[in-house]
Amino acid sequence: MSIFNYENDSVSDETLLDFIEDRLSPKEKENVKQAIHNSKEVFFNYMAIKEAQFLVQIGSQADVSRQDSILKSIIGPL
């Protein structure tokens, strides 16, 4: 399974989460690091996931409407 969509160099949110949680091979980690460094879209998605994790750690779980609002701001309308 490839972690990249080579048409636009994007990295899936699942792969970014695996990267954050250190569940990738060394080669995959390096590829994700490069994508974060080279792509504004990937960087912003990475930061959004990190922010969501931080907010969950410091507070209570967001309600469903707040989760939907956050997702829409990241990936657009569902």
Side-chain angles (χ1 to χ4, degrees):
M1 176 179 87
S2 174
I3 62 173
F4 290 101
N5 176 349
Y6 288 103
E7 293 176 9
N8 62 9
D9 292 331
S10 67
V11 178
S12 73
D13 291 345
E14 293 167 350
T15 300
L16 287 171
L17 183 59
D18 287 343
F19 173 77
I20 292 165
E21 296 180 350
D22 199 27
R23 296 188 299 225
L24 297 177
S25 71
K27 173 78 171 147
E28 290 172 321
K29 286 180 197 177
E30 186 58 36
N31 289 339
V32 173
K33 282 181 190 178
Q34 288 178 2
I36 291 169
H37 179 74
N38 294 328
S39 170
K40 187 187 324 184
E41 175 188 356
V42 174
F43 174 75
F44 284 132
N45 286 344
Y46 168 77
M47 291 305 298
I49 292 169
K50 291 289 285 182
E51 179 181 17
Q53 282 189 320
F54 174 74
L55 292 173
V56 167
Q57 288 175 354
I58 64 167
S60 60
Q61 185 73 21
D63 61 33
V64 174
S65 65
R66 180 68 179 140
Q67 290 176 10
D68 288 344
S69 172
I70 293 169
L71 287 173
K72 286 178 185 175
S73 73
I74 297 169
I75 61 174
L78 299 175

Practice item. Indicate the atoms forming the closest heavy-atom contact of Ser10 with Val42, along with that distance. Key: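 Scanning both residues, the minimum pair turns out to be CA-CG2, 4.0 Å.
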Review point. Are Phe44 and Leu17 in one and the same hydrophobic cluster, where Ile, Leu, Val, Met, Phe, Trp and Tyr link if side-chain heavy atoms are under 4.5 Å apart?
Key: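 Yes, one cluster joins them.
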Check your understanding: Rounded to the nearest 0.5 Å, how far does CD of Glu28 lie from CZ of Phe19?
Key ->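 It is 11.5 Å, given to the nearest 0.5 Å.
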Review point. Which value, rounded to the nearest 0.5 Å, describes the distance between Asn31 atom CG and Lys27 atom NZ?
Key: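 It is 4.5 Å, given to the nearest 0.5 Å.
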Review point. Which hydrophobic side chains are connected to Leu55, either touching it within the sub-4.5 Å cutoff or through other members that do?
Key: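 Taking Ile, Leu, Val, Met, Phe, Trp and Tyr as members, Leu55 shares its hydrophobic cluster with Phe54, Ile58.
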Exercise for review: Could I get the full list of side chain to side chain contact (heavy atoms under 4.5 Å, CB included) partners for Phe43, not counting sequence neighbours?
Suggested key: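 So Phe43 forms a side chain to side chain contact (heavy atoms under 4.5 Å, CB included) with Ile36, Met47.
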Exercise for review: Could you list the residues that satisfy side chain to side chain contact (heavy atoms under 4.5 Å, CB included) with Asp18, not counting sequence neighbours?
Suggested key: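 Here the qualifying residues are Arg23, Leu24.
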Exercise for review: For Asp63, enumerate each residue passing the side-chain hydrogen bond (donor to acceptor under 3.5 Å, both in side chains) test, keeping only those at least two apart in sequence or located in another chain.
Suggested key: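 In terms of side-chain hydrogen bond (donor to acceptor under 3.5 Å, both in side chains), with neighbours along the sequence ignored, Asp63 is linked to Ser65.
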Exercise for review: Applying salt bridge (charged side-chain N to carboxylate O under 4.0 Å, His left out), name anything that partners Asp22, two or more places apart in sequence or on another chain.
Suggested key: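 Asp22 satisfies salt bridge (charged side-chain N to carboxylate O under 4.0 Å, His left out) with Lys29 only.
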Practice item. Return each pair, listed once, that meets side-chain hydrogen bond (donor to acceptor under 3.5 Å, both in side chains) where at least one residue sits in residues 44-53; pairs must be two or more places apart or across chains. Key: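 Checked against side-chain hydrogen bond (donor to acceptor under 3.5 Å, both in side chains) - neighbours excluded - the pairs reaching residues 44-53 are Glu21-Gln53.
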